[in-house]
Colleague: 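I'd like to ask you about the structure that follows.
Lettering follows sequence order; numbering is per chain, from 1.
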Amino acid sequence: MANDSPISLTVELGPLRLKNPVMVASGTFGYGQEYAELVPPERLGAMVVKGISLEPRSGNPPPRIWETCGGMLNAIGLQNVGLRAFVEEKLPWLNPLPVPVIVNLFGNTVEEYGKLAAALDGQEGIAGLEINISCPNVKAGGMIFGSDPKMVFQVVSAVRSRTNLPVITKLTPNVTDITVTARAAQDAGTDILSLINTVAGMAVDAQTRQPRLANVVGGLSGPAIKPIALRMVWQVVQVSTVPVIGLGGIVSVEDALEFLIVGAKAIQVGTANFINPGVTLEIIDGLEDYLRQRNLEDINEIIGTLEVP
Amino acid sequence: MANDSPISLTVELGPLRLKNPVMVASGTFGYGQEYAELVPPERLGAMVVKGISLEPRSGNPPPRIWETCGGMLNAIGLQNVGLRAFVEEKLPWLNPLPVPVIVNLFGNTVEEYGKLAAALDGQEGIAGLEINISCPNVKAGGMIFGSDPKMVFQVVSAVRSRTNLPVITKLTPNVTDITVTARAAQDAGTDILSLINTVAGMAVDAQTRQPRLANVVGGLSGPAIKPIALRMVWQVVQVSTVPVIGLGGIVSVEDALEFLIVGAKAIQVGTANFINPGVTLEIIDGLEDYLRQRNLEDINEIIGTLEVP
Amino acid sequence: MLLRNAKILFNNPVSLELYHMALVCPDIAATIQPGQFLMVRIQDRLDPLLRRPFAVHRLYPNDPPGSFEMLYKVVGRGTQLLSNMLAGDSVNLLGPLGRGFRLPEEKGSVLMVAGGIGIAPLPYLAETIAASGCKGPSVLWFGGKNSADLVCVQHFNDLGFTVQLVTEDGSEGRKGLVTGHLEQWLTQQNELPGVIYSCGPYPMQRSVAEMAARLGISSQLSMEALMGCGVGACLSCSLRCRPPEGTQEPHYANVCQDGPVFDGEEIVWDESSS
Amino acid sequence: MLLRNAKILFNNPVSLELYHMALVCPDIAATIQPGQFLMVRIQDRLDPLLRRPFAVHRLYPNDPPGSFEMLYKVVGRGTQLLSNMLAGDSVNLLGPLGRGFRLPEEKGSVLMVAGGIGIAPLPYLAETIAASGCKGPSVLWFGGKNSADLVCVQHFNDLGFTVQLVTEDGSEGRKGLVTGHLEQWLTQQNELPGVIYSCGPYPMQRSVAEMAARLGISSQLSMEALMGCGVGACLSCSLRCRPPEGTQEPHYANVCQDGPVFDGEEIVWDESSS
Ligand SMILES: Cc1cc2nc3c(=O)[nH]c(=O)nc-3n(C[C@H](O)[C@H](O)[C@H](O)COP(=O)(O)OP(=O)(O)OC[C@H]3O[C@@H](n4cnc5c(N)ncnc54)[C@H](O)[C@@H]3O)c2cc1C
Ligand SMILES: Cc1cc2nc3c(=O)[nH]c(=O)nc-3n(C[C@H](O)[C@H](O)[C@H](O)COP(=O)(O)OP(=O)(O)OC[C@H]3O[C@@H](n4cnc5c(N)ncnc54)[C@H](O)[C@@H]3O)c2cc1C
Ligand SMILES: Cc1cc2nc3c(=O)[nH]c(=O)nc-3n(C[C@H](O)[C@H](O)[C@H](O)COP(=O)(O)O)c2cc1C
Ligand SMILES: Cc1cc2nc3c(=O)[nH]c(=O)nc-3n(C[C@H](O)[C@H](O)[C@H](O)COP(=O)(O)O)c2cc1C
Ligand code: FES
Ligand code: FES
């Protein structure tokens, strides 16, 4: 546990200042209430809540998840209560919490992203918006927004122009060159980049010859994807002029440190919350211990210090 | 073990006929000699040998591998004995084996691919060529051939026009849409597609703050990537007119079946050879058992039978 | 909701595939209700990655204090690993989770239906009902593939239950599916039970719910789903339920949070048997 | 090369981090040479994924027949898991692998140098040399961080070795690094040893090789590398060696196949201490 040492875990991500770099990832922590008995929200650097859309969405039929070696596939289908219920039912609980709340959002069209941003801009208790661009663009025949730099630019511009809140763009790993979409988001005015979202994957039941997910394809998360995530964060950090949040497969303080060392200013923990709900607290304490053991006082002395031979 | 049942595991991949669909993947089985005491080469459907280039290559400095959760990163740097030593020293041992030997090849330029194909075309004891397009194109500033459909087309065309051997094109997963590169290879006349090669990844030692691999970035293989590989094979099978070989993370007969069920005509086993050198034999026997339990006689009754709801 | 390491008191095979595991965890034992469940982390490892959901089978408040028992069936990697654990080892528990069974309101008669490992949560429920002073006649209909599935019957006898056994292969009790015999039996009763509690495979649950609806009996079904978190955070454990008035879209409840116990009438049954 | 399940006879801590594990595997025991190694699959699981390389520490042809011992240090996940295994459990072995030590040609004197867990392969080598009838004086220089590292010294004494101990903290024997004291000692000897066998951390191996070269003694060093396959198939265990005559490119040998034992002169030493 933190003792009264002079150690500072504070990080600044452009307009966003966090008391520590440990956030929880969208879709893996509900609206914070679900884990509140075990993880006091105020301990966290920030909390990203489940992605919301303009209208409520019922999501995909089950089965929606499948466990794989070191990972899990999910195809929740973006089930969410929708903007109105979020503002009326969830925000009043979130608002008074002494933790920055980031709202993850997604739309079926560029316009929907813009509308969501505008609607949330006025709300109290929101510290920032995270744009989930790993969603099918209904106008472009279901193609994923996040894989086309032009669409990324449009979506981020639409959000940027409708809000004064800090804007985080969350990149999908399912692209040839993630620095291209990172640049597009940057050019459109994102304040921060976060990566990675899940990697598209699939599993089959060899006995029944049916897909394990009703949706056939789902998103792979968990420790299996950590090497992929870390590589992409490192690539983006090298070309990006805005701060980067790293995530994908983090389950321990060592994992978190790897992302910080390659240059992420903060990290998010997703799937690991399911396995070990106390993991974020352990990481926060572990970062302090790491600094203390090295006689360092500030987490920023670690960030971006990878020694490439 | 196989008994004298009427079960047939024979598969036809265009011009390539294999007595069973279980191959070993390039770079994970040496030249077959290394495992010959444990795995009689003649039991295998086919053997893909370590990738060769025109000139010998000394590879990357160590460390070259790192274990991750459910996977391993490698950055061997394409170390190989080169065309001449391969033909003079390795082929004489491989030639008499009663197993189809596939030579995996790669170049630094399109011309090098063509030259290699031409040089191998005349050799005895080669059942086919597998083009590794996951290599940096020195002329295009080190960009990976396999991520650009135009370069894929050029490389495959160069090989195709210089050989009468069956040509397999091995696709990289590090692309936005693998069906695009699959189509490019097909348009250039590949007989067969194989996928996936490794997924680019990275790991860091949080204690020393150095990358785990001297090359910083490496290729992720092993069970961690299986869901990604299976999804890509399924995507390619749906649009491809040529047979597909599936690989990536296969460690068991269930894994192999998943690939066959989504439509791969054959599979390759890579990293699993290191963990369990007997794995290919277990998979071959396991496929027979699977058919026998279902009163089926031919592995082709399983291939491509995924029941999508 | 608590997160606790709990020591294994014993982990004994009951039949080829079934194990009793007793654990000590006083503060979970003090609060968990019949039908609620725990998410168990099998070991301190990342493969298998996810926790596994299990019910409390029996509670032993005093023997030793704060101990309870799970009954589990070895079906895959996780339960295989669980079965290898030894007395003295620990597992990590997250719980109590979900909404359990509601106790019968009137002191009427109680019917329980179990299919296979679906027996797991029922002894604790039966004991709780007995302890609550319910005096009505109680019946358990218990079906299995064969006689090896039909465990802890004596315990229900001791609690005053009439136990009706059914096996698919006829190796014990009546032969066939439990739901077939149950329906026949129900139609022969003068007085219908006040409530049906049921736990078992999806097709059985469906039959029970439809039978209960036809006969106008209320049913409480403990349902299963693949679970990521167990606490309502990940939305993976969906069960299709009746949508709120006025909406058309399919409505998915979270088994982990809105259940695992559902009223039969809430559920929209699926053609597939997943 | 064999692939075998081998039963654990015992798995005992020697010090805080060091364990002796005895295994029975007659056909591997019958063929493995000093300095060769085994790739051990820790358990039937995918995490950790890769096998781990270990040397044979001692061979017990008769007690029981075909048994041998490994000495290992707990440094990470794999060895941690290994240390949890119990007598009666099995591990899966791939081996014998690699090229071991060449026995001394003349019956001259033998010098062995060990750093920390580098002691592991030397008792089996020492016994084999002794059994081959070598009568020359034998010396072991053994360095560790502290006295807890200096295990199985008595055994070398019994084989007639003069044992010189060095610890970094001075808790036993001389204080400092083994290579410093060794060099001083060597320069004081009237007769130099015929061969140096050495196993230990990279910087120590480097010092030993350079020292041997300066003094004109041949050295055989057992080297370590991260390994994928252990059999020469994956090319991950590279060690930079002197290129064949006439070539310029860096030349990498496979530690698993061309080693693990290398002549000191073959190796091109790296500035880093990886
Ligand atoms: C609320 C609840 C209570 C349960 N109580 C018990 C109990 O008391 N005793 C008991 O034996 N079983 C119980 N189950 C079922 C038990 O959770 C599964 O049998 C177990 O998770 C299988 O794990 P595995 O690794 O052995 O199987 P695998 O098939 O290898 O597991 C693969 C994945 O599927 C999931 N899974 C597989 N079968 C089921 C299932 N039937 N229900 C939910 N998830 C499943 C696993 O959790 C895992 O994520 C309960 C399930 C739920 C939802
Ligand atoms: C030929 C050879 C013989 C060896 N003999 C012995 C022995 O008899 N006793 C003993 O205690 N150790 C020996 N080692 C070292 C031993 O293999 C490592 O300590 C062990 O692999 C560490 O595994 P881990 O999972 O505990 O460590 P981790 O650090 O968690 O392992 C991570 C990865 O690094 C590899 N690794 C870590 N340290 C080493 C190392 N020093 N050498 C090679 N790979 C390493 C692991 O195999 C694994 O792939 C030998 C190494 C080699 C190459
Ligand atoms: C069940 C589940 C639901 C998710 N929902 C969302 C979401 O609504 N919006 C979003 O941007 N990402 C979502 N994600 C992705 C995660 O936020 C995260 O990017 C990903 O899981 C990788 O991190 P991890 O490996 O730590 O889980 C979801 C992930 C999971 C596992
Ligand atoms: C050590 C190693 C070396 C490899 N070398 C080659 C190679 O030379 N050519 C090639 O096409 N693929 C090479 N691969 C990729 C494999 O053939 C295979 O595509 C990949 O490992 C995924 O399969 P797996 O998960 O079963 O290992 C190599 C993989 C590994 C692990
Ligand atoms: S298991 Fe996560 S919401 Fe139910
Ligand atoms: S470990 Fe594979 S070649 Fe040496």
Colleague: Heavy-atom distance under 4.5 Å between the side chains of C/L239 and A/P62, does that happen here?
Modeller: no
Colleague: Heavy atoms, side chains only, cut-off 4.5 Å: are A/N80 and C/L235 in contact?
Modeller: no
Colleague: Do other residues, nucleotides or ligands put more than 12 heavy atoms under 6.0 Å from the CD atom of C/E265?
Modeller: yes
Colleague: Measure distances from A/T208 to the heavy atoms of chain C and classify the residue's part below 4.5 Å as side chain, backbone, both or neither.
Modeller: neither
Colleague: Give, for atom CZ of A/F274 and atom CE of C/M39, the distance between the pair rounded to the nearest 0.5 Å.
Modeller: 9.5 Å
Colleague: OG of C/S238 to CD1 of A/I76: how many Å apart, nearest 0.5 Å?
Modeller: 6.5 Å
Colleague: Of all of C/R240, C/R41, C/R45, which one pairs up most often with chain A through heavy atoms under 4.5 Å apart?
Modeller: C/R41
Colleague: Out of curiosity, C/S236 OG to A/L73 CG, how far, rounded to the nearest 0.5 Å?
Modeller: 12.0 Å
Colleague: Considering only heavy atoms and a distance below 4.5 Å, find which of A/S58, A/G30, A/G71, A/G32 pairs most often with chain C.
Modeller: A/S58
Colleague: Does any part of the side chain of C/V231, heavy atoms only, come nearer than 4.5 Å to the side chain of A/L38, both counted from C-beta?
Modeller: no
Colleague: Sort A/P61 into side chain, backbone, both or neither according to what part of it lies under 4.5 angstrom from a heavy atom of chain C.
Modeller: both
Colleague: By a 4.5 Å heavy-atom criterion (distance strictly below it), what part of A/I65 contacts chain C: side chain, backbone, both, or neither?
Modeller: both
Colleague: Please look at C/R51 and chain A and tell me whether the side chain, the backbone, both or neither of the residue comes under 4.5 angstrom of a heavy atom of that chain.
Modeller: side chain
Colleague: Work out which heavy atom in C/L226 is nearest to a heavy atom in A/P63; give both atom names and the distance.
Modeller: CD1-CB, 3.8 Å
Colleague: I need the residue from A/G27, A/A75, A/A224 with the largest number of non-hydrogen atom pairs under 4.5 Å to chain C.
Modeller: A/G27
Colleague: Relative to chain A, which segment of C/P243 carries a heavy atom at a distance below 4.5 Å: side chain, backbone, both, or neither?
Modeller: neither
Colleague: Is NZ or CZ of A/R64 both nearer than 6.0 Å to the six-membered ring centre of C/Y252 and within 45° of the ring axis?
Modeller: yes
Colleague: Indicate yes or no: at least one non-hydrogen side-chain atom of C/C229 is less than 4.5 angstrom from one of A/Y35.
Modeller: yes
Colleague: For each of A/Q210, A/R57, A/K50, A/Q79, tally heavy-atom pairs with chain C at distances under 4.5 Å, and name the one with the top tally.
Modeller: A/Q79
Colleague: Got a second to check how far C/M1's CE is from A/E34's CD, nearest 0.5 Å?
Modeller: 8.0 Å
Colleague: Could you tell me the separation between the CD1 atom of A/I275 and the CG atom of C/N92, rounded to the nearest 0.5 Å?
Modeller: 11.5 Å
Colleague: Could you give the distance from CD (A/E67) to CZ (C/R77), rounded to the nearest 0.5 Å?
Modeller: 8.0 Å
Colleague: With a 4.5 angstrom heavy-atom cut-off, is it the side chain or the backbone of C/L2 that approaches chain A, or both, or neither?
Modeller: backbone
Colleague: Quick one: of C/M227, C/R52, C/Q257, who has the most non-hydrogen atom pairs under 4.5 Å with chain A?
Modeller: C/R52
